[in-house]
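Data block below; observations after.
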Protein chains: 2
Amino acid sequence: MRILVIEDDVNLNRQLSDALKEAGYVVDQAFDGEEGHYLGETEPYDAVILDIGLPMMDGISVVEKWRTEGKGMPVLMLTARDRWSDKVAGIDAGADDYVAKPFHVEEVLARVRALIRRAAGHSSSEIVCGPVRLDTKASKATVDGVPLKLTSHEFRLLSYLMHHMGQVVSRTELVEHMYDQDFDRDSNTIEVFVGRLRKKLGVDLIETVRGLGYRMQAPSEAAK
Amino acid sequence: MRILVIEDDVNLNRQLSDALKEAGYVVDQAFDGEEGHYLGETEPYDAVILDIGLPMMDGISVVEKWRTEGKGMPVLMLTARDRWSDKVAGIDAGADDYVAKPFHVEEVLARVRALIRRAAGHSSSEIVCGPVRLDTKASKATVDGVPLKLTSHEFRLLSYLMHHMGQVVSRTELVEHMYDQDFDRDSNTIEVFVGRLRKKLGVDLIETVRGLGYRMQAPSEAAK
DNA sequence: TCTTCGATCACCAGAATACGCATGAACCGT
DNA sequence: ACGGTTCATGCGTATTCTGGTGATCGAAGA
């Protein structure tokens, strides 16, 4: 984990940086707004500690600029005590948190932990199989980057197959997972949907294992 | 957006709840730890405001219990001033932020905005989707710079959709976040509001995903 | 190894259905 | 009474289901 500390007070900066290093982080230091902004723009930090009052460029402006540039790393602001309007402004400018001076170093460490932990929670929910990508969160699928237009059952089918890639999935298993309650077992609906899905996908990824069911597999693996 | 306020001081609870409702949120209230924990466990909130000192179960325990249960909603803790060790404990227990009492309501609102927007993965207080801009701070929306005149429900709907851009949002999810407890599930209210919102927006950004729900997306992204 | 037979599967197209939407009327709180 | 919200109805259409047909496959016997 790499952290940037932007604070013009040399003593305070060193104090924070030392504590962070002690806690196992890699730390970079900056002592004015422009230097800090430049570093945050070019280097990939897991979190930034940013004083609100800085030479060259104030803290609020630094965050705002990062945010408009699309930089999304967590920012912890240091504000003067009782300047709550500054805090509100900082938060609305895009800062994720603040601590009022004077503060306990322990508290800053706890907040940095919280920020990093929270930022890590944003994992993309995408399953990839050859040219096919499935975004479960957006309920969207693409082939070679081209979005597919799937009906809800088609999507559910594809989703189940991709969640069990490489495995043979039986017809009854599919029925049980695609439909709520008991469903007429002897009907060829699954075959029909597999057929439609195969046609829409274009590529031949759904293999039929005769007598058992279907299996979805990346072409490289299928070649073996 | 739906928020839970857990605070045993009746006056303070009401004060916070009123301010939040004023700002356009749907608010549920709890007055002790057990009640609060139960509500947070069963209802889907976008954020929780949680006092640290509570009857029946203290705030720290409430968060800890939620976190071990896998509940991940953002939690804002209210702590007594100068009890910084409590703050650290709260954050390490899984709270996302805290405000020290006494506080300015403005500040709590700003922090709630920040938490919600962060949970949705946005870094700036303005969310943009094609020609539509949502200013979470001012609770205003514009299309091509022209301010929209939206009713409170319409705004809540737009807000929730824009906070979850690109994702498919189900009708039930919308109902749960736009209304407080029990609401007639089988009614077409959501459809009606989607229809009205579409008409007011003019541009066609709200896509209906048949059988699943609705998805808001910028046209450029849909084309890729 | 080749042939034959039974079982499984893909595909088609019409029928049945579920779904989303607009509309207008009823309902509420202010 | 008014704006905002909710509910009920009916329509058009996308989606799903059904049943049939021909193709394909696998196993067993010659």
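None of these values were measured; they are calculated from a predicted model. Here is how names work: the chains are called A, B, and so on, in the same order as the sequence lines, proteins then strands, and each is numbered from 1.
One interatomic measurement links the two molecules: CD of A:E154 to C1' of D:dT15, which rounds to 9 Å at whole-angstrom precision. Counting to the nearest Å, the P atom of C:dT17 and the NE2 atom of A:H153 are 15 Å from each other. With rounding to whole Å, B:K149 atom NZ is found 10 Å from D:dG3 atom P. Spacing between atom CG of B:D204 and atom C1' of C:dC21 amounts to 13 Å, rounded to whole angstrom units. Rounded to whole angstrom, the span from the CD1 atom of A:I190 across to the C1' atom of D:dT15 amounts to 15 Å. As rounded to whole Å, 10 Å separates atom P of D:dT16 from atom CG of A:L150. Between the CZ atom of A:R171 and the P atom of D:dC17 there is a distance of 16 Å, rounded to whole Å. Between the CD atom of A:E207 and the P atom of D:dC25 there is a distance of 13 Å, given to the nearest Å.
Between the CD1 atom of B:I116 and the OG atom of B:S159 there is a distance of 7.5 Å, given to the nearest 0.5 Å.
Side-chain nitrogen and oxygen atoms of A:T151 include none within less than 4.0 Å of the OP1 or OP2 phosphate oxygen of D:dA14. OP1 or OP2 of D:dT16 has at least one side-chain nitrogen or oxygen of A:S152 nearer than 4.0 Å. Contact annotation: A:T189 side-chain N/O to D:dT16 OP1/OP2 distance is not under 4.0 Å. Listed pair B:Y214 / C:dG20 fails the phosphate criterion, with no side-chain N or O lying under 4.0 Å from OP1 or OP2. In terms of phosphate contacts, B:S187 brings a side-chain nitrogen or oxygen within less than 4.0 Å of OP1 or OP2 of D:dC7.
For B:F193, taking side-chain heavy atoms from C-beta onward, the closest of the listed nucleotides D:dT6, C:dG20, D:dT16 is D:dT6.
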**Asked** Run the salt bridge (charged side-chain N to carboxylate O under 4.0 Å, His left out) check on B:E7 and B:K101 step by step: do they pass?
**Response** CA-CA 12 Å; B:E7 165 64 63; B:K101 288 184 191 176; 3.5 Å; yes
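Residues B:Y179 and B:R2 have side chains that never bring a donor and an acceptor to within less than 3.5 angstrom of each other. At a cut-off of 3.5 Å, with distance as the only test, a side-chain donor of A:R171 or A:Y214 sits close to an acceptor on the other residue.
Salt-bridge annotation for B:R67 and B:D96: present, with a side-chain N of the basic residue lying under 4.0 Å from a carboxylate O of the acidic one.
In this structure, B:W66 and B:H37 have parallel ring planes: the angle between them is below the 30° cut-off, well short of the 60° mark.
Looking at heavy atoms from C-beta onward, B:D9 lies out of side-chain contact with B:D51 at the 4.5 angstrom threshold.
The number of heavy-atom neighbours closer than 6.0 Å to CD of A:E69, taken from other residues, nucleotides and ligands shown, is above 12.
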With the criterion being N/O to N/O and under 3.5 Å, what pairs connect the protein with nucleotides 22-30 of chain C, and how long is each?
from	atom 1	to	atom 2	distance (Å)
C:dA22	N6	B:N188	ND2	3.1

I'd like a table of atom pairs between the protein and nucleotides 11-13 of chain D - only N or O on both sides, under 3.5 Å - with the distance next to each one.
none

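When all heavy atoms are compared, the tightest approach of B:V27 to B:K21 is CG2-CG, 3.7 Å.
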